[in-house]
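This report concerns only the one structure given below.
Keep in mind that the numbers below use all heavy atoms, side chains included, and drop hydrogens, waters and symmetry copies. Just so you know, ligand 1 is whichever comes first in the structure, and atom 1 is the first atom listed for that ligand. For the single chain, residues carry numbers from 1 onward in sequence order.
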Amino acid sequence: MSTKVAVVTGGNKGIGFAIVRALCKQYKGDVYLTARDVGRGQAAVESLASEGLKALFHQLDINDLNSISSSAAFFKEKYGGVDVLINNAGIAFKVADTTPFAIQAKVTLETNFFATRDMLTHFLPLIKAGGRVVNVSSFVSCRALSQCSPALQQRFRSEDITEGELVGLMERFVNEAQKGEHKEGGWPDTAYGVSKLGLTVTSRYKPGGF
Ligand SMILES: NC(=O)c1ccc[n+]([C@@H]2O[C@H](COP(=O)([O-])OP(=O)(O)OC[C@H]3O[C@@H](n4cnc5c(N)ncnc54)[C@H](OP(=O)(O)O)[C@@H]3O)[C@@H](O)[C@H]2O)c1
């Protein structure tokens, strides 16, 4: 039987690093700590090695389509696919950050929603039978949902929302935030919350509906 493989994005620190550590202890297969920065990723792998744990490293920046596609090609070539994918990489502006909301909305959605969706587009075809994909969202997505207009809530909660419609809604949020009109558009004042709401709805798609 071929070697099983688990891949964690944003594995060099925080929750991603903790997931890699736990997988190294429990998973019967190769565990890849991926990170956008080679130095930070390799330092994290070395830190695990000092605990007696063996993680492998691969560079993966989810905001870079070339990095996503070359990583997907690597796992297909070496393992014939992927058994476990943890989409953990994400960003959040600090509450005290004074970066204009328009920029926070664009940057946050780019990573947490659009780049994670790019990961799914490239990696879902590689997931082996019985495999698992975990998207690390947030309870904040539920709060953001409850603060959306009734019309938006109806679409996000619906069983028949399509990928195209969801992408269109996320683009609409970014566009309205650029113009300072997102509140009139029925959106809450949280870019992080909307980005994770998009990810949670993505994770609800039924096979065949996505
Ligand atoms: N902390 C919480 O309370 C909490 C609660 C709910 C959900 N979450 C979610 O859990 C996940 C991890 O959060 P955390 O608290 O561990 O955050 P963190 O400590 O800031 O770690 C985030 C990780 O994501 C990586 N990352 C960011 N952009 C990336 C990109 N374009 N490509 C690849 N990696 C990228 C970071 O890499 P660099 O080191 O290179 O920046 C880092 O390794 C996120 O999705 C977050 O939204 C966190």
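- In this model, no donor atom of one side chain and acceptor atom of the other lie less than 3.5 Å apart for T3 and D30.
- Ionic pairing of D83 and K28 is not present here: no N-O contact between side-chain nitrogen and carboxylate oxygen is shorter than 4.0 angstrom.
- Around the NZ atom of K128, the shell of radius 6.0 Å holds more than 12 heavy atoms that belong to other residues, nucleotides or ligands.
- Taking the six-membered ring for Trp and thresholds of 30 and 60 degrees, H182 and F101 have nearly parallel ring planes, at less than 30 degrees apart.
- A salt bridge is absent between K183 and E176; no separation between the charged side-chain nitrogens and carboxylate oxygens falls under 4.0 Å.
- Judged by distance alone, the side chains of S203 and N135 do bring a donor and an acceptor atom under 3.5 Å apart.
- Contact residues for ligand 1 (protein heavy atom closer than 4.0 angstrom to any ligand atom): G10, N12, K13, G14, I15, R36, R40, L60, D61, I62, N63, N88, A89, G90, I91, V136, S137, S138, Y192, K196.
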